[in-house]
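Only this structure's heavy atoms are used, side chains among them; waters, hydrogens and symmetry mates stay out. A, B, ... follow the sequence lines: proteins, then strands. Residue 1 opens every chain.
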Protein chains: 2
Amino acid sequence: MQRTSIEISYSPEEELIARYAKALSHPVRVRILHFLESQACCFTGELTEEIPMAQSTISQHLKELKEAGLIQGDVMPPRVKYCINQKAWAEAKKVFAVFFDK
Amino acid sequence: MQRTSIEISYSPEEELIARYAKALSHPVRVRILHFLESQACCFTGELTEEIPMAQSTISQHLKELKEAGLIQGDVMPPRVKYCINQKAWAEAKKVFAVFFDK
DNA sequence: CAGATTCATCGTCTATTTGCGATGAACAAT
DNA sequence: ATTGTTCATCGCAAATAGACGATGAATCTG
């Protein structure tokens, strides 16, 4: 989308906040994370029961959360168990807190 | 984008977090807010000098931040002074803190 | 081996986001 | 009145996001 010759570059902090914020920028992902917090872990199937959306859509949101680093998935055939990535979670908590505290 | 008959509805908290997160989901908006924090307030012109992007693009990002409620603009002809909306800022800080603390 | 189950991925469609230049509105200064 | 300054908005193009159904991969169960 950048079409000029000057490529704007961002600091790691700016990128990190934007990345975590993007993961939280859709209400259904907020809900998924909230559910995951309350359960510690859960299977995809529990989410598809809980949330009235197509299974493929939920799977895609899980993928985005995984790519943002906020969750991780353990394959337990034939299911997949998703959990909060505690390290990333703590980091996200921190960067937001720092950002808002200035 | 919703094409099925069942319309999923979200809680006010889910919507609020998603709204603030969306505002922070682009690194240039993070930078703008950061700059605004450090200056208390600033004019659009300062941002266009600081950030190598077209004036129209910056203006649009400011609009998004304003629509999210995080900033406000005071018209001081011929310029516009932008400031953090302290109330919304505090609210955003709180909802993120609460969200990550569970 | 033949189903059944669970989930990811693909392809498609539509909507939204992001970027830019050009233009316009509002006002100040000459 | 004309000009200049500052900023928002419009219109366009390209990229990304979001939703779905269909299909596929992997693994159990009978």
Side-chain angles (χ1 to χ4, degrees), chain A residues 1-10 14-15 18-32 35-36 41-68 71-83, chain B residues 1-10 14-15 18-32 35-36 41-68 71-83:
Chain A
M1 216 162 314
Q2 184 74 28
R3 270 137 63 197
T4 59
S5 52
I6 302 164
E7 179 68 52
I8 183 168
S9 73
Y10 302 101
E14 287 165 344
E15 301 269 18
R19 181 158 65 88
Y20 287 138
K22 193 170 193 174
L24 294 174
S25 72
H26 192 297
V28 84
R29 289 197 289 270
V30 174
R31 179 173 297 188
I32 288 171
F35 188 76
L36 229 39
C41 290
C42 79
F43 298 103
T44 309
E46 299 178 63
L47 290 167
T48 59
E49 284 172 20
E50 198 73 17
I51 300 170
M53 275 186 163
Q55 177 263 326
S56 59
T57 305
I58 298 203
S59 190
Q60 219 162 355
H61 283 298
L62 286 169
K63 186 184 179 183
E64 289 179 59
L65 289 172
K66 199 162 59 178
E67 281 172 358
I71 66 172
Q72 57 198 37
D74 293 344
V75 180
M76 300 176 67
R79 299 189 288 178
V80 177
K81 190 178 73 173
Y82 283 101
C83 309
Chain B
M1 215 160 316
Q2 184 72 30
R3 270 138 64 198
T4 59
S5 52
I6 301 165
E7 180 69 51
I8 181 167
S9 72
Y10 301 101
E14 287 165 344
E15 301 268 19
R19 182 158 65 88
Y20 286 137
K22 194 170 193 173
L24 295 173
S25 73
H26 192 297
V28 84
R29 290 197 289 271
V30 174
R31 180 173 296 188
I32 289 172
F35 188 77
L36 229 40
C41 289
C42 79
F43 297 105
T44 309
E46 299 178 63
L47 289 168
T48 58
E49 284 171 21
E50 198 73 18
I51 299 170
M53 274 185 162
Q55 177 264 323
S56 60
T57 306
I58 299 205
S59 191
Q60 216 162 355
H61 283 298
L62 286 169
K63 186 183 179 185
E64 289 179 60
L65 290 172
K66 199 162 59 178
E67 282 173 359
I71 67 172
Q72 57 198 38
D74 293 345
V75 180
M76 300 176 67
R79 299 189 287 177
V80 177
K81 190 178 71 172
Y82 282 101
C83 309

### Distance in angstrom units between A:I32 CD1 and D:dA19 C1', rounded
13 Å
### Task
To the nearest Å, give me how far apart CD (A:E67) and P (D:dG18) are.
12 Å
### Task
Sequence neighbours left out, what pairs pass salt bridge (Lys or Arg N to Asp or Glu O under 4.0 Å) with at least one residue falling in residues 44-61 of chain A?
none
### Task
Evaluate the side chain to side chain contact (heavy atoms under 4.5 Å, CB included) criterion for residues B:S59 and B:Q55: first the C-alpha distance (whole Å), next the side-chain angles of each, then the deciding distance (0.1 Å), finally the verdict.
CA-CA 6 Å; B:S59 191; B:Q55 177 264 323; 4.1 Å; yes
## Note on the structure
Heavy-atom contacts, protein to nucleotides 2-11 of chain D, under 4.0 Å, summarised as B (base), S (sugar-phosphate only) or - (none) per nt, yield ---BBBBB--
### Query
Nearest heavy-atom pair of B:A68 and B:Y20: which atoms, and what distance?
O-CE2, 3.5 Å
Solution key, residues 22-32 of chain B side-chain donor-acceptor pairs under 3.5 Å, sequence neighbours excluded:
unit_1	atom_1	unit_2	atom_2	d
B:S25	OG	B:K22	O	2.7
B:H26	ND1	B:V28	N	3.0
B:R29	NE	B:A23	O	2.9
B:R29	NH1	B:H61	ND1	3.0
B:R29	NH1	B:E64	OE1	3.0
B:R29	NH2	B:K22	O	3.2
B:R31	NE	A:E14	OE1	3.4
B:R31	NE	A:E14	OE2	2.9
B:R31	NH2	A:S9	O	2.9
B:R31	NH2	A:E14	OE1	3.0

### Query
Separation of A:I8 atom CD1 from C:dT18 atom C1', in whole Å?
13 Å
### Query
Which atom pair, heavy atoms only, marks the closest approach of A:L47 to A:I58?
O-CD1, 3.7 Å
Which pairs of donor and acceptor atoms, one on a side chain in residues 71-83 of chain A, lie under 3.5 Å apart (sequence neighbours left out)?
none

### Message
Please tell me if B:H26 has a side-chain N or O lying less than 4.0 Å from either OP1 or OP2 of C:dG19.
### Response
yes
### Task
Can you tell me the distance, in whole Å, between the CE atom of B:M53 and the P atom of C:dT18?
10 Å
### Task
Give, for atom CG of A:L65 and atom NZ of A:K63, the distance between the pair rounded to the nearest 0.5 Å.
12.5 Å
### Message
To the nearest 10°, give me the bend of the helix from C:dC1-D:dG30 to C:dT30-D:dA1, comparing the axes of its five terminal pairs at either end.
### Response
10°
#### Entry: Residue closer to the 5' end of DNA chain D, A:K22 versus A:V75 (nearest nucleotide)
A:K22
### Query
Measuring from B:L36:CG to B:L62:CG, what's the distance to the nearest 0.5 Å?
8.0 Å
### Whole-Å distance separating the CE atom of B:M76 from the C1' atom of C:dA28
14 Å
